4 protein chains.
Amino acid sequence: MMQEEELPRREREKLRQRREMFDAALKLFSEKGFHNVSMHEIAKNAEFAIGTLYKFFKNKEELYKALVIENSDRFHQALTKAVEETDDEIEKLRNYVRTKSAVFMDNISVIRLYFAETRGASFNIKAGLDNEIRERYEKFIYTLASIFESGIEKKLFQNIAAPYHLAVALDGLCNAFLALWLESPEKHPYPADPDVILNILFKGLIAL
Amino acid sequence: MMQEEELPRREREKLRQRREMFDAALKLFSEKGFHNVSMHEIAKNAEFAIGTLYKFFKNKEELYKALVIENSDRFHQALTKAVEETDDEIEKLRNYVRTKSAVFMDNISVIRLYFAETRGASFNIKAGLDNEIRERYEKFIYTLASIFESGIEKKLFQNIAAPYHLAVALDGLCNAFLALWLESPEKHPYPADPDVILNILFKGLIAL
Amino acid sequence: MMQEEELPRREREKLRQRREMFDAALKLFSEKGFHNVSMHEIAKNAEFAIGTLYKFFKNKEELYKALVIENSDRFHQALTKAVEETDDEIEKLRNYVRTKSAVFMDNISVIRLYFAETRGASFNIKAGLDNEIRERYEKFIYTLASIFESGIEKKLFQNIAAPYHLAVALDGLCNAFLALWLESPEKHPYPADPDVILNILFKGLIAL
Amino acid sequence: MMQEEELPRREREKLRQRREMFDAALKLFSEKGFHNVSMHEIAKNAEFAIGTLYKFFKNKEELYKALVIENSDRFHQALTKAVEETDDEIEKLRNYVRTKSAVFMDNISVIRLYFAETRGASFNIKAGLDNEIRERYEKFIYTLASIFESGIEKKLFQNIAAPYHLAVALDGLCNAFLALWLESPEKHPYPADPDVILNILFKGLIAL
DNA sequence: GATGAATGAGTTTTCATTCAT
DNA sequence: GATGAATGAAAACTCATTCAT
């Protein structure tokens, strides 16, 4: 992709405006939910006229979709990059947990939206979003699964469950702990150490 | 509490009507979300006049809250009963997973709502609901935690993590697998065997 | 008219119920205005079922009309009786002012309604009411006028204006002072002495 | 204050629209009363969309209040100006009666509303209005009272009653005669000559 | 190209009135 | 004859979207 800095001034300006609209929309949507934010409110917060907002996004739905999808892409790219940084499967998982946590911390607003979308709250209203998000999610779960698969092949991991199930499990564990933190950061400070989560997967609860 | 069958006819009739309104509301809310369902729509689906709906529920919010809370109570009662049916900690966990699955299967619609509420999608709009739900959830997590605690004391379980964390982990695992099934039942048929989930917790991924 | 006590029990009972409905309605209407009182509210306050209320009054409008008209009749009867008690014109006027004041004090609630109707606030909504009230008012003004007329004939009064105008003037003076008291009884205590009002009419502001 | 004609076109346009809304609202309110006029009706009559009406007035209450208060101000300004035009107390009173009559003739619609508000028909519903109107009324009564006071001091007027009472009396007289005309202009043509009213006050009914 | 005034469909809610029990 | 549950028309108000300037 062309670097932003290399774009003609006009285009750069456009992108900046789009980002400002995104920022305002994200803040409001994550605080109040899709239906409790009006386009006027977004326009006002972004300091644009309502008409300008509509120049950039066909309608409220499109704005919301773009917001969720672009952020979701950003997250998955970060996660994919994280697991690709090393060849060691255990280290990959550790990087995954660490990066997912970091992304959470830095993007609480968008995470709220993302959860809303991935956790059934969207009710398929914003038609199409569901599928696009699900697809990305699914793809990443396969990436995780293949890590488990190769770990099992290398006898690094015991074959306690299908690699796909292990991937789902790890993702579920992460979400559970991150949700804990999301809801009351002061009560459940997020464990800096990713091994708290990984240990549960790695060590058996029951001695053999 | 008096059995429903023993109630005077008038009361029974009232309850039946209330249930019909609940059913219609649940169906619509779970399909389209709180803001995409109008009270007229609910009344029409329930085959009552709009005024009658308002005789039963002060306003849309109340209806929604009652719907979520009453179902949430039903779930937690079922889960609590399940873990109390046996004294064996492992069996308790097995009952928990089995019951949670069963409840899921039988109440997909309301589960969607419940997820929406427990997973942050409600955006605190429906003030108070959040807290009431969260409280019930928290309480049950503690119930789970105490099972792990006593299991660890009895040396049934290895001490691989704090009991509270183990509870969060198990719940997260269940949710992850159930969400899988919720989204595409045909592709990921829910494992009839609760041990698929429990194994991941019980067996260590890494051999000692 | 047949005396109430001589009526058959059934009829007496009916009248009692009607009075109870009237009392509740009057209290509510005078406190909150026609449109801010619901038939349910009236029924509840009168301790009757809504259906029973409708057995007595065809609809809300009828109830309101009956309320205003019957009370208005009561007032005009009292006023007519007052001016008929003596043959002296000055005493007649004094009795009028005195009685009007007394009626005011004792019927503040209904006075509020009456003012609303006679002072244009009803906006002809309650079609027909206007005219019926106006007619009674008009009739009484003529009664007053005839007092002035005969007073002028007897040379008791100076011929400073048409008798009809004098009647309107006296009524207006009374209303103005009574309104003063109606609005803030503590600030403008109603003059026990009717001569405060009559003096203004009797004595000339400008010396001849 | 800047003259309306000098305002930028946009502002002038705004004012014109507001006036059109006011006109439609005034007409309807005065014909049918606050509760019998819907915002849709007003919008339709003013030939604006309902949303536009709400852009100008936060809600129905605000529209009504603005209508009553702005007109009430206009009236009191006219009356105040009228009594300030001359130094002679008698002439002041004559100007007052004349102006009040003229205002009546020209603003029958708004007078209906004004009467409704000043004569207790508003039932304190439109909270705050009562007081704001009453305050203006009270203030003007004091203005009148001070005219009587200085007239009495100058021995122009006999000291037949307290100045405040004389003010109330004159206002009451005017209202009574104007109400007469308001109700049936054809039957009781308003006396062009303000002295018909003033005479009643000026001349004594009873010879000394 | 940006603006924001204007639009009106759609939503929640109330309440007068009816009528089966 | 009394009751009050059920009805649904109608009201206030919001907000996504358009389009003339």
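Here is the naming used below: chain letters follow the sequence lines, and residue numbers restart at 1 for every chain. These figures come from a predicted structure and were not determined experimentally.
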Exercise for review: Measure from CD1 on Ile42(B) to P on dT7(F) and round the result to the nearest Å.
Suggested key: 16 Å
Check your understanding: How would nucleotides 14-21 of chain F be written as a contact map, 5' to 3', with B for base contact, S for sugar-phosphate-only contact and - for no contact, using protein heavy atoms under 4.0 Å?
Key -> BBSBB---
Review point. Any idea which heavy atoms bring Val37(B) and Leu28(B) closest together, and the distance?
Key: CG2-O, 3.4 Å
**Study point:** Pair assignment for DNA chain E - dot-bracket with | for other-strand partners, Watson-Crick or G-U under 3.5 Å
**Key:** .||||||||||||||||||||
Review point. Side chains of Val68(B) and Phe29(B): closer than 4.5 Å at any heavy-atom pair?
Key: no
**Study point:** d(CG, Leu53(B); P, dT14(E)) in whole Å
**Key:** 12 Å
Check your understanding: Roughly how many Å is it from CD in Glu47(B) to P in dT7(F), rounded to a whole number?
Key -> 11 Å
Point to revise | Lys44(C) NZ to dT3(F) P, straight-line distance once rounded to whole Å | key: 15 Å
Study note, to complete from the structure: Gln17(D) atom CD is separated from dG4(E) atom C1', nearest whole Å, by 13 Å
Review point. Does a salt bridge link Arg16(C) with Glu13(C), judged by any charged N lying under 4.0 Å from a carboxylate O?
Key: yes
Review point. Just how far, in rounded Å, is P of dA9(E) from CZ of Phe48(D)?
Key: 18 Å
Review point. Should the pair Glu132(B)-Lys65(B) be classified as a salt bridge under the 4.0 Å nitrogen-to-oxygen rule?
Key: no
Study note, to complete from the structure: Those residues at least two apart in sequence (or on a different chain) that pass side-chain contact (heavy atoms from CB on, under 4.5 Å) with Asp73(C) are Ile69(C), Gln77(C), Arg136(C)
Point to revise | Residues in ring pair (Phe, Tyr, Trp, His ring centres under 6.0 Å) contact with Phe22(D), at least two apart in sequence or another chain | key: Phe57(D)
Point to revise | Residue list, salt bridge (charged side-chain N to carboxylate O under 4.0 Å, His left out) with Lys27(A), at least two apart or on another chain | key: Glu31(A)
Study note, to complete from the structure: Rounded to whole Å, the CZ-C1' distance (Arg16(B) to dA5(F)) equals 13 Å
Review point. Is any side-chain heavy atom of Met39(D) closer than 4.5 Å to a side-chain heavy atom of Leu53(D)?
Key: yes
Point to revise | side chain to side chain donor-acceptor pair (under 3.5 Å) contacts touching residues 47-59 of chain D (sequence neighbours left out) | key: none
Exercise for review: Figure out the CZ/C1' separation between Arg18(D) and dA6(E), and round it to whole Å.
Suggested key: 18 Å
